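Values in this document were obtained by computation on a predicted structure and should not be read as measured data. These values consider heavy atoms only, across backbone and side chains, with no hydrogens, waters or symmetry-generated copies. One-based numbering, in listed order, for ligands and for the atoms of each.
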Amino acid sequence: MNAIIKRLAVTVLIAMSSNQVRAEVPIVIAHRGASGYLPEHTLAAKALAHGMGAEYLEQDVVLTRDDHPIVLHDIHLDTVTNVADVFPERRREDGRYYAIDFTLDEVRRLRATERVDSKQRKPVFPNRFPPHTSHFTVPTLGEELELIQGLNKSTGRDVGVYTEIKQPAWHQSEGKDITKIVLAVLDQYGYRESKDLAYVQCFDVKETKRIRQELHCQLRLVQLLGANNWKRVGTDFDRGELAKSMREISAYAQGIGPRMSDVVWGRQADGQVILTSLVEVAHQHGLFVHPYTLRADDLPEYTNSFEELVKLFFVDAKVDGAFTDFPDRVLHVRNRHR
Ligand code: CA
């Protein structure tokens, strides 16, 4: 009981001191939709995730040649559509088909599919939805926001959006300001204040700062973290370096999106789980932590069960939410332990 009161008090203190939002119950973010069951980023995958009860649905966004934001994980189209069949001559020298070389009308002629790898054309997750079957398309950001808001109305639920701006520097090098376009669409659909059910996430530190400091976006910002350079000390990161990073991030963002492997390192020989101090230090700086990506069909070696993995992150590591391809199964475990 004391521990619970102490944790609550700390949460309240952090909320009071930094005016930042931390979830009382860790949130479940449907990573590219319910992508464990249906092709990623299709409206079907988003509808299924909504129906399963996910609290937030993720959109990765890139631009078309005519500046329409579309929901697509990569700047390439070839691993998740039949673009090579429909427009065989439109690949670049590297053999890839870039979304930015196609107009929205052209993208609308493509069929979306379960992800295949770019070389062998084999499914990346062999036990998921069969590639190149049924009928799916690549939605625009507006179409997806309309789907979510429509489902919110018809179900009476309030599911939020979790939008990632993909490769802003690359878009810039192609002459496009993707961030301004995405923020304008979010604004058009009513996502503009910190209390709105929307997060904006980006890997690019410079751009995430720009979103806050130059573009004055008021939405909750998440600094995504890829492979990091923090020094390791024994079975943890150097806490001084971590604290410095978290302090810098807390000046412009409300949370971080780290890799799972930066939160849980593995197990000792005696079975004891090794957590890093990332979550603790992030919390000390008022930042929430939403790691990516919990996958039932790609378990880390330190666990044999998805249920145990979810419990490890939500109960032991005390994250504030997580990205998952399997929102139903994460919700099931979370709700049993709350
Ligand atoms: Ca993403």
Task: His337/Phe314 aromatic ring centres below 6.0 Å - done: no
Open item on the list: For Asp101, run the side chain to side chain donor-acceptor pair (under 3.5 Å) check against Arg96, Arg92, Arg65 and tell me which one passes.
Closed with: Arg92
Task: Minimum-distance N/O/S atom that Asp60 presents toward the Ca ion (ligand 1) - done: OD1
Task: Of all N/O/S atoms in Glu58, the name of the one nearest the Ca ion (ligand 1) - done: OE2
Open item on the list: Looking at Arg210 and Glu207, is any side-chain nitrogen of the basic one under 4.0 Å from a carboxylate oxygen of the acidic one?
Closed with: yes
Open item on the list: Would you call the rings of Tyr97 and Phe102 parallel, tilted or perpendicular, taking 30° and 60° as the class edges?
Closed with: tilted
Open item on the list: For N/O/S atoms only: which one belongs to Glu164 and is nearest the Ca ion (ligand 1)?
Closed with: OE1
